[in-house]
Asks: 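The structure under discussion is supplied below as structure tokens; questions concerning it will follow.
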Amino acid sequence: MRNILHIFLLLSVYTITAQDTYIQCGTIIDVANGKSILEKTIVVSGDRIKTIDNGFTSGTNEDIVIDLKTKVVLPGFIDMHVHIEQESGPKTYTKRFTDNEADVAFESTVYAKRTLMAGFTTVRDLGGTGVNIALRNAIDKGLVVGPRIFTAGKAIATTGGHADPTNGMKKELRGNPGPKEGVVNSPEDGKKAVRQRYKDGADVIKITATGGVLSVAKSGHNPQFTIEEIKAITETAKDYGMLTAAHAHGDEGMQRAILGGIKTIEHGTMMSDETMELMKQHNTYLVPTITAGKQVAEKAKIQGFFPEIVAQKAAAIGPLIQDMFKRAYKKGVPIAFGTDAGVFPHGLNAKEFGYMVEVGMPIKEALKSATITNAKLLGVDDKIGQIKEGFVADIIAVDNNPFNDIHTVEKVSFVMKEGVVYKR
């Protein structure tokens with residue numbers, strides 16, 4: 001009797017593990033070659049794509065069949081610039097005094113789910129309080145629904161610079177934040193800050209190479225790091241296998257970041273032709289965040305939405321990003337897809353595609369920037385970014401072919417991440 005029970009349990013386990021999912025696809029977008037492939041079936045086993053079959057197949061009676069014959073299927077998108085902990089609004093500047101870490105954590109779960117439901121199965125989070133690290137871990141454990149997160153933890157700034165967490169506070173509250181809090185003032189501080197980020201569990205490093213729009217500080221574009229400080233940060237990050245990014249609006253700060261070894265320039269608003277050539281020489285990528293620029297420019301028109309010092313910067317800097325992107329693309333600057341979601345509502349990330357295409361980037365290149373290009377930068381291009389045998393089953397679907405209308409990617413009707421269906 002005991003042997004019979006043992007055999008039954010073994011067979012039950014085998015049946016469960018042997019169950020595959022057959023996704024019958026009317027069209028698959030081959031992002032590597034910029035082509036539409038018709039009538040295929042993606043066979044998913046566990047969290048991986050097992051095979052891609054010709055025609056519509058269905059396996060055995062135990063297998064799951066998902067009918068996407070009328071849909072267009074793509075790999076899950078990757079956003080290289082989000083702030084998953086928050087969304088900007090009139091209360092943003094007071095919430096840092098009223099919200100506890102738990103408040104931030106609970107809100108972040110809402111933003112994470114919204115991001116995944118929008119078809120973004122992977123994101124790079126470029127700075128928050130450190131809750132973003134715990135959120136990543138909770139998602140990885142299956143406790144929270146959200147995208148795969150590569151996070152910077154807390155961004156690294158200089159005293160009084162963009163991302164100094166005490167900007168705008170009265171004197172009694174400012175204290176003297178240092179490398180542990182992400183504020184540095186020397187190459188040695190920079191090294192320590194990177195090592196602290198590593199200790200905290202961050203995956204990537206972000207610095208604020210220039211002033212910023214949303215910080216309560218006067219300049220939105222002045223350089224805020226020396227080249228020596230940047231080099232110390234990038235060299236240390238390299239030792240720890242961490243990709244580096246630099247927030248930068250002003251041109252001088254961008255040049256220092258590029259020469260200092262930073263891999264991606266975020267925003268790039270006032271980028272000169274000289275800096276564009278420098279980026280090409282050093283194979284430095286631009287992450288344009290056009291959506292954020294447009295959103296802050298619009299919100300700056302609403303009385304009281306931003307503090308006055310922020311509203312002035314938003315109105316001046318926000319409208320410039322799309323035109324800069326147009327020039328950078330035409331000059332051949334490497335482009336990575338990123339939106340700065342959190343500056344605007346999470347879940348609207350796909351609007352960035354339309355803004356990129358609007359000023360001249362071909363649709364196939366825009367899609368590639370949010371898949372293969374970003375996967376390569378993150379060092380996971382052998383796992384995600386394509387619908388390919390052996391790759392992780394991050395699969396989304398839309399109603400129409402994006403090659404005909406890029407805006408269709410703004411309405412995702414199906415989401416699978418690591419073989420699990422989250423939206424159907």
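What you see below is based on every heavy atom in this structure, not just the backbone, and it leaves out hydrogens, waters and symmetry mates. Note that the structure is predicted; figures quoted are calculated from it, not measured.
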Asks: Of the options Phe353, Phe325, Phe77, Tyr355, which is the one that meets Phe337 in a ring-ring contact (aromatic ring centres under 6.0 Å, His included)?
Replies: Phe353
Asks: Is any side-chain heavy atom of Leu126 less than 4.5 Å from a side-chain heavy atom of His83?
Replies: yes
Asks: Under a 4.0 Å N-O cut-off, is there an ion pair linking Lys40 with Asp53?
Replies: no
Asks: Just checking, any donor-acceptor pair under 3.5 angstrom between side chains of Gln196 and Lys180?
Replies: no
Asks: Does a salt bridge link Glu188 with Lys191, judged by any charged N lying under 4.0 Å from a carboxylate O?
Replies: yes
Asks: Assess whether side-chain hydrogen bond (donor to acceptor under 3.5 Å, both in side chains) is satisfied between His162 and Thr208, documenting all intermediate values.
Replies: CA-CA 6 Å; His162 188 59; Thr208 52; over 6 Å; no
Asks: Kindly assign one of parallel, tilted or perpendicular to the pair Tyr198 and Tyr240, based on the angle between their ring planes and the thresholds 30° and 60°.
Replies: tilted
Asks: Can you tell whether the side chains of Asp203 and Arg136 come within less than 4.0 Å, N to carboxylate O?
Replies: yes
Asks: Salt bridge check, Asp399 against Lys411: does any charged N sit closer than 4.0 Å to a carboxylate O?
Replies: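 Asp399 and Lys411: not salt-bridged.
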Asks: Indicate yes or no: does Lys294 engage Glu352 in a salt bridge with an N to O separation below 4.0 Å.
Replies: no
Asks: Is any side-chain N of the basic residue among Arg148 and Glu418 closer than 4.0 Å to the acidic one's carboxylate O?
Replies: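 So Arg148 pairs with Glu418 through a salt bridge.
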Asks: Between Glu277 and Lys280, is there a salt bridge with N-O shorter than 4.0 Å?
Replies: yes
Asks: Is the gap between the ring centers of Tyr22 and Phe56 under 6.0 Å?
Replies: no
Asks: Is any side-chain N of the basic residue among Arg114 and Glu87 closer than 4.0 Å to the acidic one's carboxylate O?
Replies: yes
